[in-house]
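Note that the structure is predicted; figures quoted are calculated from it, not measured. As a basis for the values below, the full set of heavy atoms in this structure was taken, side chains included, without hydrogen atoms, waters or symmetry mates.
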Amino acid sequence: MRGRDKLIRQYNLHKEAGRIVEMASNHQGRWQELFGNDNPIYIEIGTGRGRFIATHAAQNPDINYVGIELEHELLGKVGKKAEELAVGKNLLLTPADAVRLTDFFSPGEVARIYLNFSDPWPKTRHAKRRLTYRDFLQSYRSVLQAGGAVHFKTDNRDLFQFSLNEFAEDDWKMSAITLDLHNSQWMEGNVMTEYEEKFSSQGMPIYRLEARPYPKRPEHPSE
C-alpha cells in the first residue's frame with residue numbers, strides 16, 4: 001500500500017506542476033496552446049515507466065510530446081523520469097484510454113504516434129483490444145496529419161504478424177520493417193523502453209515497422 005501511496009503522491013505532484021493534464025478531451029484541437037508553440041506533436045500510447053518518451057523529449061526540445069497512459073500511477077513514474085532527465089515544457093502526460101483518441105485530438109493534430117510493446121492480447125476473442133486492430137488504425141488515420149506515421153515496436157512475433165496484416169488491410173504504406181531491430185540499420189538513434197532492454201538482454205528479437213496511411217479508397221456500391 002505504501003508503494004501505491006507513493007505513486008499517487010508523485011502523480012499529484014506532477015499534476016500540480018502542470019506536467020500531467022487531466023480531461024484530455026477538453027484540449028482537443030488546443031494542444032499547441034498548452035505547449036505555447038506550434039511545434040509538431042508526437043504521442044506515445046502506453047508510456048510504461050516513461051524512459052522512451054522522456055528521453056525523446058529531452059533530446060528533441062523542438063518537438064512536443066504527449067504521453068497517454070491508462071494507469072494513473074504509472075504517470076507519476078513518467079513524471080519522475082522526466083524530472084531526472086531535466087525535460088522542459090515539451091512533454092505533457094494524460095491519463096486516458098486510447099479507445100477515445102479521436103476525442104482527444106482533432107483531425108491532423110498529431111505528427112507521429114508511437115506504439116511500444118503494447119499488450120499483445122493473445123486470445124483471438126480479444127483481438128479488438130490490440131492497439132493495431134483496424135478500429136484503432138482508423139482513429140490513428142483520423143488524428144494524423146498528412147505524412148504522419150505510426151512507429152511500432154514489439155517483442156511478440158504473433159502481434160507483429162497480426163499488425164502487418166491489419167496495416168495492409170487498412171491501406172497503410174509500411175516501411176523500415178525489421179524482424180531484428182537491434183541488428184538492423186534502424187538501431188541507430190533507437191531509444192529503448194524498459195521492456196525492450198529486458199527482452200533484448202534475454203536474446204529476444206525486437207520487431208519494428210513504420211506505417212503511413214494511404215488515402216482511403218472510395219467504396220463503390222455493388223451494381
Side-chain angles (χ1 to χ4, degrees), residues 40-48 51-53 56 65-70 97-102 104-105 107-108 110-220:
I41 296 173
Y42 290 8
I43 69 175
E44 182 183 20
I45 299 177
T47 61
R51 177 198 289 178
F52 180 89
I53 196 167
H56 269 287
Y65 292 86
V66 179
I68 300 172
E69 175 56 56
L70 193 58
D97 190 336
V99 169
R100 297 184 55 212
L101 193 69
T102 55
F104 309 145
F105 298 95
V110 175
R112 182 176 297 175
I113 297 172
Y114 291 108
L115 304 176
N116 294 316
F117 302 89
S118 310
D119 191 329
W121 292 103
K123 294 182 179 179
T124 302
R125 68 175 183 270
H126 292 153
K128 292 183 178 181
R129 300 181 186 180
R130 299 169 190 162
L131 290 180
T132 50
Y133 181 69
R134 63 199 62 182
D135 287 357
F136 282 106
L137 299 189
Q138 290 167 19
S139 294
Y140 306 155
R141 178 189 294 274
S142 175
V143 302
L144 281 171
Q145 65 186 42
V150 171
H151 287 211
F152 173 63
K153 290 194 290 187
T154 182
D155 65 299
N156 189 291
R157 189 180 183 95
D158 289 340
L159 177 61
F160 193 70
Q161 183 63 58
F162 170 86
S163 302
L164 289 170
N165 292 335
E166 290 294 291
F167 279 117
E169 286 293 323
D170 198 52
D171 291 334
W172 292 65
K173 179 182 179 180
M174 288 173 281
S175 61
I177 301 172
T178 177
L179 303 181
D180 189 1
L181 170 60
H182 288 206
N183 290 298
S184 76
Q185 61 182 302
W186 295 288
M187 183 56 183
E188 183 177 354
N190 178 61
V191 174
M192 285 199 291
T193 73
E194 292 85 351
Y195 279 120
E196 184 175 353
E197 182 177 50
K198 174 184 176 182
F199 296 141
S200 62
S201 69
Q202 296 171 355
M204 299 172 64
I206 305 301
Y207 309 99
R208 179 191 187 274
L209 65 79
E210 297 176 15
R212 293 170 175 80
Y214 286 115
K216 288 293 285 184
R217 292 175 293 191
E219 296 183 6
H220 299 288

CA sep, side-chain torsions, deciding dist, call: F160, I177, side chain to side chain contact (heavy atoms under 4.5 Å, CB included): CA-CA 10 Å; F160 193 70; I177 301 172; 4.0 Å; yes

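- Rounded to the nearest 0.5 angstrom, L209 CG and L179 CG are separated by 10.0 Å.
- The two atoms that bring T132 and S163 nearest to each other are OG1-OG, 2.7 Å, heavy atoms only.
- Closest heavy-atom contact between L144 and P213: CD1-CD, 4.3 Å.
- The nearest pair of heavy atoms linking A176 to R208 is CB-NH1, 3.2 Å.
- Nearest heavy-atom pair across A211 and M174 is CB-CG, 4.1 Å.
- Looking only at side-chain heavy atoms (C-beta outward), F162 and N156 stay at 4.5 Å or farther from each other.
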Full working for side chain to side chain contact (heavy atoms under 4.5 Å, CB included) between N190 and H182: CA-CA 9 Å; N190 178 61; H182 288 206; 4.0 Å; yes

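- The line from OH of Y207 to CG of D155 is 8.0 Å long, rounded to the nearest 0.5 Å.
- E44 places no side-chain N or O within donor-acceptor distance of the main-chain N or O of G67, the cut-off being under 3.5 Å.
- Looking at residues two or more places apart in sequence or on another chain, you find a salt bridge (charged side-chain N to carboxylate O under 4.0 Å, His left out) between R212 and E210.
- By the neighbour-count criterion of 12 heavy atoms within 6.0 Å, atom OH of Y133 is densely surrounded, having more than that number from other residues, nucleotides or ligands.
- In summary, E196 and K153 engage in a salt bridge, as defined by a charged side-chain N under 4.0 Å from a carboxylate O.
- Of all the heavy atoms in I206 and F199, the pair that sits closest is CD1-CB, 4.2 Å.
- Note: T47 OG1 to L70 CG = 10.5 Å, rounded to the nearest 0.5 Å.
- One finds the CD1 atom of I68 at 4.0 Å from the CD1 atom of I43 (value rounded to the nearest 0.5 Å).
- Under the 4.5 Å side-chain criterion, counting only non-hydrogen atoms from C-beta, K198 is in contact with Q202.
- Side chains of D171 and R141 form a contact here, defined as non-hydrogen atoms less than 4.5 Å apart.
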Trace of the side chain to side chain contact (heavy atoms under 4.5 Å, CB included) decision for Y140 with L131: CA-CA 10 Å; Y140 306 155; L131 290 180; 3.6 Å; yes

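- How far CE of M187 is from OG of S200: 7.0 Å, rounded to the nearest 0.5 Å.
- Shown here for V143 and F105, the closest heavy-atom pair between the two residues is CG1-O, 3.7 Å.
- Taking CG of L181 as the reference point, atom OG1 of T154 lies at 11.5 Å (rounded to 0.5 Å).
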Audit row: I53, Y42, side chain to side chain contact (heavy atoms under 4.5 Å, CB included) steps and yes/no: CA-CA 9 Å; I53 196 167; Y42 290 8; over 6 Å; no

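- A donor-acceptor pair is defined here as one N or O able to donate and one able to accept, closer than 3.5 Å; such a pair exists between the side chain of R130 and the backbone of P120.
- Inter-residue side-chain proximity for V150 and F136 is flagged as unmet; no heavy-atom pair is nearer than 4.5 Å.
- Using cut-offs of 30° and 60° on the angle between ring planes, the pair F167 and W172 is perpendicular.
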